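Working notes, structure below.
Because the structure is a prediction, the values reported are computed rather than measured. In each ligand, atom 1 is the first atom listed, and ligand 1 is the first ligand listed.
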Amino acid sequence: MAVIINGKEISAKVRLEIKEKTQKFIDEKGYAPGLAVIIVGEDPASKVYVNNKHKACLEVGFLSEVYRLPAETTMDELLSLVDKLNNDDKIHGILCQLPLPKHLDEEQVILRINPDKDVDAFHPINTGKIMIGNNSFVPCTPAGVMKLIESTGTDICGKECVVVGRSNIVGKPQAMLLLQKNGTVTICHSKTKDLKEVTKRADILVVAVGIPNFITGDMIKEGAIVMDVGINRTSDGKLTGDVDFASAEKVASYITPVPGGVGPMTITMLLENTLTAAKIQSK
Ligand code: NDP
């Protein structure tokens with residue numbers, strides 16, 4: 001039976017470390033790292049995420065500003081807020097909660113954020129830096145997955161790593177991070193032929209597909225580390241991952257549950273990126 005990785009516990013430990021580093025930063029510089037979060041419209045899930053980010057910032061001692069804009073906000077209004085925050089010395093990280101209402105262009109907003117303040121690491125400058133292995137920030141979810149793999153004490157070097165999913169926010173940066181640690185990395189997607197044959201080779205399997213219980217135990221190598229990024233809501237309102245936990249835990253050596261695995265790490269990594277941003281901008 002696999003060891004269940006407790007993302008909540010690991011996240012709490014990392015947050016405590018961030019809190020200590022933040023106090024040290026405040027003592028040295030005389031000001032706190034500042035994060036501004038922009039939310040446009042009334043998407044319920046986004047509202048929950050933004051509230052959680054705000055709370056997490058306050059807990060570690062950051063300055064936290066939340067800009068709640070109405071759904072009918074224009075592109076010009078949104079971009080001028082980004083410009084204002086780009087020029088605000090108290091703010092070191094800017095995040096625009098996605099998805100935006102349909103009439104707004106997400107790509108333009110991402111491009112407008114100063115790459116030094118882009119704590120989501122979605123700006124092409126930051127995604128390019130991940131590609132060349134010279135990154136200041138890493139997208140929060142893949143960064144959290146790396147911390148959880150690290151928590152198992154496993155050396156990624158030389159391991160067969162398979163990432164299922166190739167989105168810009170999870171799959172692709174995840175693959176680059178595993179490659180930076182000298183993993184032998186394969187990326188799978190919806191056009192992959194014989195997915196099982198590929199996933200069965202993985203010593204480390206990261207799944208970010210968005211289909212409940214998509215990866216079953218028979219697709220997993222005996223002793224593999226399985227990281228389930230998926231967050232899916234079932235018809236009865238429960239959260240479930242992309243991995244069929246019951247069959248997977250019988251073959252894996254380590255596995256993340258949903259909820260309580262990768263999810264709690266994402267905001268923690270946002271805090272880490274914001275502290276990094278404040279340090280970079282203080283130089
Ligand atoms: P996307 O929808 O952007 O990407 C899904 C990926 O899965 C695509 O690359 C797609 O391939 C691939 N895929 C779809 N069907 C198959 C299939 N049959 N076989 C193999 N690959 C397939 O999703 P995200 O990456 O944004 O998110 C993935 C999951 O992770 C979601 O459940 C999401 O909610 C969750 N998530 C969790 C976070 C957290 O904090 N824990 C943060 C972000 C996301 P193709 O490119 O060919 O279409």
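Under 4.0 Å is where a charged nitrogen must lie from a carboxylate oxygen, and between K19 and E59 no such pair does.
Side-chain atoms of D242 and N213 form no donor-acceptor pair, as typed in the model, at a separation below 3.5 Å. With no hydrogens or angles considered, no side-chain donor-acceptor pair links T74 and D76 at under 3.5 Å.
Side-chain contact between Q174 and M227 is absent, with no heavy atoms from C-beta onward closer than 4.5 Å.
Sorted pairs that involve residues 67-88 and meet ring-ring contact (aromatic ring centres under 6.0 Å, His included), not counting sequence neighbours, are lacking altogether.
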Within the protein, flag every N or O under 3.5 Å from an N or O of ligand 1, and note the pair and distance.
unit_1: ligand 1; atom_1: 9 (O); unit_2: R166; atom_2: N; d: 2.8
unit_1: ligand 1; atom_1: 11 (O); unit_2: S190; atom_2: N; d: 3.2
unit_1: ligand 1; atom_1: 21 (N); unit_2: H189; atom_2: O; d: 3.4
unit_1: ligand 1; atom_1: 21 (N); unit_2: S190; atom_2: N; d: 3.3
unit_1: ligand 1; atom_1: 25 (O); unit_2: S167; atom_2: OG; d: 2.5
unit_1: ligand 1; atom_1: 32 (O); unit_2: I231; atom_2: N; d: 3.0
unit_1: ligand 1; atom_1: 32 (O); unit_2: I231; atom_2: O; d: 3.4
unit_1: ligand 1; atom_1: 34 (O); unit_2: I231; atom_2: O; d: 3.3
unit_1: ligand 1; atom_1: 40 (O); unit_2: T141; atom_2: OG1; d: 3.4
unit_1: ligand 1; atom_1: 40 (O); unit_2: T266; atom_2: OG1; d: 2.8
unit_1: ligand 1; atom_1: 46 (O); unit_2: R166; atom_2: NE; d: 2.7
unit_1: ligand 1; atom_1: 47 (O); unit_2: R166; atom_2: NE; d: 3.3
unit_1: ligand 1; atom_1: 47 (O); unit_2: R166; atom_2: NH2; d: 2.8
unit_1: ligand 1; atom_1: 47 (O); unit_2: S190; atom_2: N; d: 3.1
unit_1: ligand 1; atom_1: 47 (O); unit_2: S190; atom_2: OG; d: 2.6

Worksheet entry | Test log, rule salt bridge (charged side-chain N to carboxylate O under 4.0 Å, His left out), inputs E272 and K147 | CA-CA 12 Å; E272 187 155 292; K147 285 255 189 219; 3.7 Å; yes
